[in-house]
Amino acid sequence: MAEPLKAMYNEEFLRGFGTKVKEVHGSFDLEGFVAAAMRGPWEALELKGRMRRITETLGTFLPRRYEDALEILFAIDEECVGFPYLFFPDFVEVYGTSDEHFELSMTALERFTPRSSAEFAVRPFLLHDPQRMMAQMLQWSKHPNEHVRRLSSEGSRPRLPWGQALPMFKRDPSPVLPVLEQLKADPSLYVRKSVANNLNDIAKDHPEVVIDTVRRWKGVSAHTDWIVRHGCRTLIRKADPEIMALFGYASQENETPLAVSAVLSVEPAELHIGDSCELAYALSIREGEAVRIRVEYGIDFVKAGGKTSRKLFLLSDKTVPGGARLTGKRTHRWADLTTRRHYAGEHTLTLLVNGREAASAVLVLKPQHLGDLKL
């Protein structure tokens, strides 16, 4: 089994980092820093907990004056590159959010983000003074470094995973839009992915804003077309009629359904948590011109309380001739994941064509085999 990510923060790492600090700040108590960082229930701390512990311990062992502490970090930051050094921007988040330190903290975040990432550290600044901070983000969106440009988009995402929520942008995303406009044709895929993810966040609360953006952006450039397509993935999964039309998917009129016949089967129809099943589907597309179709299967997963929640899985997304017959198979594993736990019960599987249910099947999921349970 792979080691958990938090294991990268260990005594060896702390001692190596502390040695770098001591080389530029001779009075740094290396042994005291390592001991203090790992005090108490260190093993019980998860990744972010260990990172914050390092940050707070640095605050104790570096000079108390924020400016002096940053000067030491600036002296070694070129040697501290990669994901483990997220505590550099975290130090700014913890100790540099006062108004008097704003300019210095912005300089630090701009400097640190190419070496790790400051997307989490900017969010307290946004919560404290969104207008001032978004002016800074717009400035960063024009920066020559792709990591800094990405920060302007990723840091302002309304729903950044594992980041502090930005409820003001969930309510009104308009302050974010100028940054996305600036980045809509960015040459860096790293930046474009962030812009698309920001749009997808906005679509969950304000689909009309994203639909309007697509109308304005579509066709601007190949880079922009990639952004809007990826940024509308949630709306496409929901088969929003306007979005489906904008991206050229065939319409689904009640009188003339796109799939004139469809079959979905699952084998075996009864299995245990941890097992796999095979789905087979076949569908015939109505006669006429070539059409763009998106074929998915949905599973209504049984939850702990007995209710169900549907998740969609993509099977195919392409243009096909009118009258085409499509077939395919897919293996689906029912093993528990960190993001999804399975529960015994009757699960409905549904085949969807451009968002419309075309066929269904039922699978009975039983508890995990006793021999597979970890004791």
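It should be emphasised that the depicted structure is a prediction, and the values quoted were computed from it without experimental measurement.
- Between the side chains of Thr60 and Thr57, no donor N or O sits under 3.5 Å from an acceptor N or O.
- Ring pair Trp334/His272: centre-to-centre distance not below 6.0 Å.
- Phe91 and Tyr95 have their aromatic ring centers within a separation under 6.0 angstrom.
- Side-chain contact, Asp90 with Thr55: a donor N or O sits under 3.5 Å from an acceptor N or O.
- A cation-pi geometry, defined here as NZ or CZ lying under 6.0 Å from the six-membered ring centre and within 45° of its normal, does not hold between Lys6 and Tyr9.
- When only modelled atom types and interatomic distance are considered, His128 and Asp99 share a side-chain donor-acceptor pair under 3.5 Å.
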Only pairs under 3.5 Å count here: list side-chain donor-acceptor contacts from residues 277-285, not counting sequence neighbours, and write none if there are none.
from: Ser284; atom 1: OG; to: Ser261; atom 2: OG; distance (Å): 3.3

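- Side chains of Cys232 and Val214 form a contact here, defined as non-hydrogen atoms less than 4.5 Å apart.
- Screening residues 189-201 for salt bridge (charged side-chain N to carboxylate O under 4.0 Å, His left out) gives Arg157-Asp201 as the qualifying pairs, with residues at least two apart or on separate chains.
- Between Phe17 and Tyr85, the angle of the ring planes lies from 30° to 60°, which puts this pair in the tilted group.
- Summarising the geometry of Lys218 relative to Leu246, their closest heavy-atom pair is CE-O, 3.2 Å, with the distance given to 0.1 Å.
- The existence of a salt bridge linking Arg310 and Asp300 is confirmed by a sub-4.0 Å separation between a basic side-chain nitrogen and an acidic carboxylate oxygen.
- Ring pair His332/Phe313 is perpendicular by interplanar angle, where above 60° counts as perpendicular and below 30° as parallel.
- Leu264 and Ala359 get closest at one heavy-atom pair: N-CB, 3.8 Å.
- Distance alone, capped at 3.5 Å, is enough to place a donor-acceptor pair between the Ser152 side chain and the Arg149 backbone.
- A salt bridge does not link Glu12 to Arg15: none of the charged side-chain nitrogens sits closer than 4.0 Å to a carboxylate oxygen.
- With His143 contributing its side chain and Asn145 its backbone, the two residues share a donor-acceptor pair below 3.5 Å.
- Among pairs with a residue in residues 225-238, those fulfilling salt bridge (charged side-chain N to carboxylate O under 4.0 Å, His left out) read Arg229-Asp317, at least two apart in sequence or across chains.
- The pair Glu79-Lys20 does not meet the salt-bridge criterion, since no charged nitrogen lies less than 4.0 angstrom from a carboxylate oxygen.
- Checking Ser141 against Gln182 by side-chain atom types alone, no donor-acceptor pair falls below 3.5 Å.
- Using cut-offs of 30° and 60° for the angle between ring planes, the His101 and Tyr66 rings count as tilted.
- Nearest heavy atoms, Ser117 versus Leu86: O-CD2, 3.2 Å.
- Heavy atoms only, all atoms of each residue included: Asn354 and Ala250 are closest at ND2-O, 3.0 Å.
- A salt bridge links Arg150 with Glu119: the closest approach of a Lys/Arg side-chain nitrogen to an acidic carboxylate oxygen falls below 4.0 angstrom.
- For Phe87 and Phe112, the gap between ring centers reaches or exceeds 6.0 Å.
- Ion pairing between Arg294 and Glu296 holds under the 4.0 Å rule for side-chain N and carboxylate O.
- Judged by the 6.0 Å distance and 45° axis criteria, Arg330 is not positioned over the aromatic ring of Tyr297.
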